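Just so you know, these numbers come straight off a predicted model, no measurement behind them.
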Amino acid sequence: MSLYRNIVWFIKGIREYTRSGFENASKSFAVKDLEVSMVGRRFMITGANSGIGKATAMAIAKKGGTVHMICRNKARADRAKDEIISASGNTEIYVHVLDLSETGKVWEFAEAFKKDHPSLNVLINNAGCMVNQKEMNSDGLEKNFATNTLGVYILTKCLIPLLEKSRDPRVITVSSGGMLVQKLNIEDLQTETAQFDGTMVYAQNKRQQVVMTEFWAKENPRIHFSVMHPGWADTTAVATAMPQFHQMMRERLRTAEEGADTVIWLAVSHAANAFPSGLFFQDRKPVSTHLPLAWTHSSQHEVKKFMGQLETLAKAVKPSEAVVTSSDT
């Protein structure tokens with residue numbers, strides 16, 4: 001079954017996830033969906049200094065939105081900020097330095113942000129990593145899981161009260177089609193017993209993001225949640241984490257702007273908000289989170305146990321007193 005899923009996923013990817021797939025899908029896009037002003041709306045984008053995150057930040061800045069860029073490296077973030085301001089003429093762009101793999105720091109940042117800012121309309125969980133050799137963070141957590149899953153869980157959960165107070169709140173998480181080959185594994189969240197394979201760990205994390213989104217949508221009806229697949233985009237992250245794949249597919253990969261299109265659409269359009277909360281999107285359309293005939297569905301018991309595990313891990317790394325560790329620049 002695993003081999004079948006991988007083959008089906010790759011064939012599907014060649015057809016739909018490449019640049020040609022985007023070009024075909026975009027023929028049906030409604031241009032007016034993105035003809036909106038975002039003046040007065042606040043956006044937080046993780047991993048906003050490069051790739052899909054930067055393309056998203058740029059597009060939102062050009063629409064007048066206030067953008068909070070969450071980035072690991074201040075120098076790269078400041079360069080991206082300057083480029084965005086120069087291209088958009090929008091000076092409401094702020095940099096916050098945060099490494100999402102450091103889960104305790106995520107708590108500190110989110111608590112500080114809530115104290116310092118009156119509202120947040122849209123949270124875009126874009127940052128992610130694919131570490132191919134097993135590494136642990138300072139809290140003793142496997143780094144892929146800490147960044148892609150627990151960091152997203154903590155940031156989102158902590159900011160939900162702020163989002164709920166804001167107008168038309170939305171949460172968008174950038175996942176991956178790789179999750180289609182994975183069933184949620186609640187017995188080994190951090191790959192402690194299975195052989196470590198960075199690509200499969202990443203795919204499992206992305207399945208976890210889908211499950212979190214579906215759960216949050218049911219638990220928080222005032223917020224519109226969505227998760228999406230950007231397709232196979234030509235970004236520095238992909239080239240670094242998957243050099244052979246990047247070399248093989250380089251001529252077929254989407255641009256970062258094409259990969260960001262559905263993120264932007266979900267974040268700003270009225271059309272996106274007309275869909276039910278909790279869906280998985282690809283090229284502005286909701287799509288199935290499972291391949292045909294694949295045994296990747298989870299029971300309610302498994303989902304409940306998974307969310308409970310995340311809550312336990314999150315509480316374990318929560319500082320006793322959150323302190324301000326980031327600033328607007």
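- Within the structure, salt bridge (charged side-chain N to carboxylate O under 4.0 Å, His left out) contacts touching residues 184-196 (residues at least two apart or in different chains) are Glu187-Lys305.
- In this structure, a donor-acceptor pair under 3.5 Å is absent between the side chains of Ser101 and Asn137.
- Between the side chains of Gln208 and Thr149, at least one donor-acceptor pair of N or O atoms lies under 3.5 Å.
- Relative ring orientation between His117 and His96 is described as perpendicular, the plane-to-plane angle rising above 60° on a 0-90° scale split at 30° and 60°.
- Defined by atom type and a distance below 3.5 Å, a donor-acceptor pair is present between the side-chain atoms of Glu102 and Ser138.
- Counting heavy atoms from C-beta outward, Trp216 and Met307 have side chains that approach closer than 4.5 Å.
- Every residue two or more places apart in sequence or in another chain was checked for a salt bridge (charged side-chain N to carboxylate O under 4.0 Å, His left out) with Lys318, and none qualifies.
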Under the criterion side chain to side chain contact (heavy atoms under 4.5 Å, CB included), I'd like the reasoning laid out for Arg72 against Leu98: C-alpha separation, chi angles, the key distance, then a yes or no.
CA-CA 5 Å; Arg72 286 185 303 169; Leu98 175 68; over 6 Å; no
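- If you take CG on Asn90 and OG1 on Thr66, they are separated by 6.5 Å, rounding to the nearest 0.5 Å.
- Here the side chains of Ile84 and Asp82 are not in contact, with every heavy-atom distance at 4.5 Å or above.
- Taking CZ of Arg41 as the start and CZ of Phe43 as the end, the distance is 5.5 Å to the nearest 0.5 Å.
- When the salt bridge (charged side-chain N to carboxylate O under 4.0 Å, His left out) test is applied to Glu302, the partners found at least two apart in sequence or on another chain are Lys183.
- In terms of the side-chain hydrogen bond (donor to acceptor under 3.5 Å, both in side chains) criterion, residue partners of Arg254 (sequence neighbours excluded) are, by chain and number, Asp283.
- Of the inter-residue distances, the one linking Cys71 atom SG with Asn49 atom CG reads 4.0 Å to the nearest 0.5 angstrom.
- Shown here are the salt bridge (charged side-chain N to carboxylate O under 4.0 Å, His left out) partners of Lys157, two or more places apart in sequence or in another chain: Glu311.
- Arg170 forms no cation-pi arrangement with Phe225, by the criterion of a distance under 6.0 Å to the ring centre and an angle within 45° of the ring axis.
- Residues Glu83 and Lys54 are paired through a salt bridge, judged by an N-O separation under 4.0 Å between the basic side chain and the carboxylate.
- Between the side chain of Ser277 and the main chain of His224, no donor-acceptor pair closer than 3.5 Å is present.
- Side chains of Asn126 and Thr56: no donor on one and acceptor on the other come within 3.5 Å.
- Under the 30°/60° scheme for interplanar angles, the aromatic rings of Tyr17 and His229 are found to stand perpendicular.
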Residues Glu108, Lys105; criterion salt bridge (charged side-chain N to carboxylate O under 4.0 Å, His left out); working and verdict
CA-CA 5 Å; Glu108 293 177 359; Lys105 297 294 184 182; 3.8 Å; yes
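- Atoms CD1 and CG, from Ile223 and Leu163 in turn, are 5.0 Å apart once rounded to the nearest 0.5 Å.
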Side chain to side chain contact (heavy atoms under 4.5 Å, CB included) evaluation trace for Glu142 with Phe196:
CA-CA 11 Å; Glu142 191 275 314; Phe196 190 88; 3.6 Å; yes
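- Inter-residue side-chain proximity for Met38 and Lys62 is flagged as unmet; no heavy-atom pair is nearer than 4.5 Å.
- Lys114 contributes a side-chain N or O that, together with a main-chain N or O of Cys158, makes up a donor-acceptor pair within less than 3.5 Å.
- Side-chain contact of Asn125 with Thr173: a donor-acceptor pair under 3.5 Å is present, judged by distance alone.
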Criterion side chain to side chain contact (heavy atoms under 4.5 Å, CB included) on Leu34 and Val268, from CA distance to verdict
CA-CA 7 Å; Leu34 298 186; Val268 309; 3.8 Å; yes
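- Taken together through direct or relayed side-chain contacts under 4.5 Å among Ile, Leu, Val, Met, Phe, Trp and Tyr, Ile264 and Phe22 form parts of separate hydrophobic clusters.
- Counting heavy atoms from C-beta outward, Ser176 and Tyr202 have side chains that approach closer than 4.5 Å.
- Residues Thr296 and Leu291 fail the side-chain proximity criterion, which asks for heavy atoms closer than 4.5 Å.
- The shortest distance between side-chain heavy atoms of Thr213 and Val171 does not fall below 4.5 Å.
- In this structure, Met179 and Gln209 have side chains that are not in contact, with every pair of non-hydrogen atoms separated by 4.5 Å or more.
- Put simply, OG1 on Thr18 and CD on Glu258 are 10.0 Å apart, with the number rounded to the nearest 0.5 Å.
- In this structure the side chain of Leu141 reaches within 4.5 angstrom of the side chain of Val317, judged on heavy atoms.
- Within the structure, every pair that satisfies the ring pair (Phe, Tyr, Trp, His ring centres under 6.0 Å) test and touches residues 260-279, not counting sequence neighbours, is listed here: Trp265-Phe281, Phe275-Phe281.
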Begin from the C-alpha positions of Leu310 and Met212 and carry the test side chain to side chain contact (heavy atoms under 4.5 Å, CB included) through to its verdict.
CA-CA 10 Å; Leu310 294 183; Met212 285 191 293; 3.6 Å; yes
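- Looking only at distances, no side-chain donor or acceptor of Ser166 sits under 3.5 Å from a matching main-chain atom of Pro169.
- In this model, no donor atom of one side chain and acceptor atom of the other lie less than 3.5 Å apart for Asn121 and Asp168.
- Residue Lys134 holds its NZ atom at 11.5 Å from CD of Gln195, rounded to the nearest 0.5 Å.
- Cluster membership for Tyr153 and Val201, using ILVMFWY side-chain heavy atoms within less than 4.5 angstrom, is not shared.
- Judged by distance alone, the side chains of Glu92 and Tyr94 do bring a donor and an acceptor atom under 3.5 Å apart.
- Met136 and Met130 sit in two unconnected hydrophobic clusters of ILVMFWY residues. Membership requires side-chain heavy atoms under 4.5 Å apart, directly or through other members.
- Using a 4.0 Å cut-off between charged nitrogen and carboxylate oxygen, Arg76 and Asp78 do not count as a salt-bridge pair.
- Taking each heavy atom of Thr46 and Ala127 in turn, the nearest pair found is OG1-N, 2.8 Å.
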